[in-house]
Amino acid sequence: MNKGIITALISIAFAQGLKIPLHFLKTKEWKPELFFQTGGMPSSHSAGVASLTTFIALKRGVRTIDFALSFIFGLIVMYDAQGIRRQTGELTLKVNSLDELVRKAHEKETVEFEEKKPKRLKEMLGHQPQEVVGGALLGSLLGFIAFLFSKKDRQKKKFSVR
């Protein structure tokens, strides 16, 4: 069992699950479907890569190639989550608004036409910078906790062998 992978997956799931009560506290609206959606607070992408990087740093050290790969990969993921994906989400908001504007303009036309209702584009794709930071902090904490548990497991095995 690869404890680094398990740590990252648990962090991703925890961050996704945390989105539901945080959204409820903010809006008083209960939306369990947020577990399966991208975007929002905290960033599960950031939580996953930060927990893995923290776990590797504590388990193997910061001078290892494992840490270097995880750290650089994590930076790229977090930059992408709050950069490109966020911009795509904002563009999607404008496209959806434009669709509504065109529909309203066509309501005033006298010529009848048949329009197939296009599926609305998903608007929450990326993250605000604070959502990325929140996910990174959560992931670092969970990576630290996973390291502590792996340390205890190793000590149990050491004592049981004697």
Side-chain angles (χ1 to χ4, degrees), residues 1-96 119-162:
M1 170 168 67
N2 187 318
K3 291 180 182 171
I5 292 173
I6 300 299
T7 298
L9 291 175
I10 287 171
S11 297
I12 291 167
F14 190 79
Q16 283 298 111
L18 200 54
K19 290 177 183 185
I20 299 165
L22 288 176
H23 178 78
F24 180 78
L25 289 172
K26 188 176 179 182
T27 66
K28 302 295 184 230
E29 180 184 17
W30 189 252
K31 292 179 73 174
E33 64 271 15
L34 288 175
F35 186 84
F36 300 103
Q37 293 181 359
T38 60
M41 175 66 132
S43 164
S44 59
H45 295 86
S46 297
V49 295
S51 67
L52 178 61
T53 303
T54 302
F55 183 79
I56 290 170
L58 296 170
K59 189 94 168 155
R60 306 274 312 215
V62 294
R63 294 184 175 195
T64 63
I65 191 69
D66 304 5
F67 173 77
L69 287 168
S70 184
F71 183 80
I72 296 301
F73 170 69
L75 287 178
I76 292 168
V77 167
M78 287 189 271
Y79 177 79
D80 181 59
Q82 67 92 33
I84 297 165
R85 290 179 60 242
R86 180 172 155 224
Q87 292 298 317
T88 304
E90 289 178 11
L91 179 62
T92 302
L93 280 169
K94 291 179 181 176
V95 168
N96 285 341
K119 185 177 176 186
R120 285 188 63 84
L121 299 173
K122 188 175 179 188
E123 295 174 354
M124 281 200 42
L125 295 173
H127 294 281
Q128 299 292 327
Q130 64 269 22
E131 296 169 346
V132 171
V133 171
L137 292 174
L138 175 65
S140 296
L141 175 66
L142 294 174
F144 178 73
I145 291 169
F147 170 73
L148 292 178
F149 276 111
S150 74
K151 202 173 174 183
K152 287 180 184 178
D153 288 344
R154 196 173 30 191
Q155 288 174 345
K156 284 181 187 177
K157 288 178 186 176
K158 190 187 288 186
F159 290 120
S160 66
V161 173
R162 291 184 179 174

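Any value given below was found using the heavy atoms of this structure, including those in side chains, with hydrogens, waters and symmetry copies removed. Heads up: numbering here begins at 1 and tracks the sequence.
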Exercise for review: Taking the side chain as every heavy atom from C-beta outward, state whether P42 and E131 have any atom pair closer than 4.5 Å.
Suggested key: no
Revision key, fill the gap. With sequence neighbours left out, the residues meeting ring pair (Phe, Tyr, Trp, His ring centres under 6.0 Å) with F67 are F71
Could you tell me the separation between the [atom1] atom of [X] and the [atom2] atom of [Y], rounded to the nearest 0.5 Å?
X: K31; Y: Q37; atom1: NZ; atom2: CD; result: 6.0 Å
X: I20; Y: L25; atom1: CD1; atom2: CG; result: 12.5 Å
X: F55; Y: N2; atom1: CZ; atom2: CG; result: 8.0 Å
X: D80; Y: S46; atom1: CG; atom2: OG; result: 10.0 Å
X: T54; Y: I145; atom1: OG1; atom2: CD1; result: 11.0 Å
X: I10; Y: L142; atom1: CD1; atom2: CG; result: 8.5 Å

Check your understanding: Does CZ in F24 sit with more than 12 non-hydrogen atoms of other residues, nucleotides or ligands closer than 6.0 Å?
Key -> yes
Review point. V132 pairs by side chain to side chain contact (heavy atoms under 4.5 Å, CB included) with which of H45, M78, M41?
Key: M78
Check your understanding: Where the side chain of T7 meets the backbone of G143, is there a donor-acceptor pair that is under 3.5 Å apart?
Key -> no
Exercise for review: Please confirm whether the backbone N or O of A50 pairs with a side-chain atom of T53, one donor and one acceptor, at under 3.5 Å?
Suggested key: no
**Study point:** Residue pairs involving residues 62-74 (criterion salt bridge (Lys or Arg N to Asp or Glu O under 4.0 Å); sequence neighbours excluded)
**Key:** R60-D66
Study note, to complete from the structure: Those residues at least two apart in sequence (or on a different chain) that pass side chain to side chain donor-acceptor pair (under 3.5 Å) with S44 are Q16
Check your understanding: Can you name the closest pair of heavy atoms from A57 and V62 and give their distance?
Key -> CB-CG1, 3.9 Å
Point to revise | Minimum heavy-atom distance I56-S70, with the two atoms named | key: CD1-CB, 3.7 Å
Practice item. Please report the C-alpha distance between F14 and S51 in whole Å, then the side-chain angles of each, then the deciding distance to 0.1 Å, and finally whether the side-chain contact (heavy atoms from CB on, under 4.5 Å) criterion is met. Key: CA-CA 11 Å; F14 190 79; S51 67; over 6 Å; no
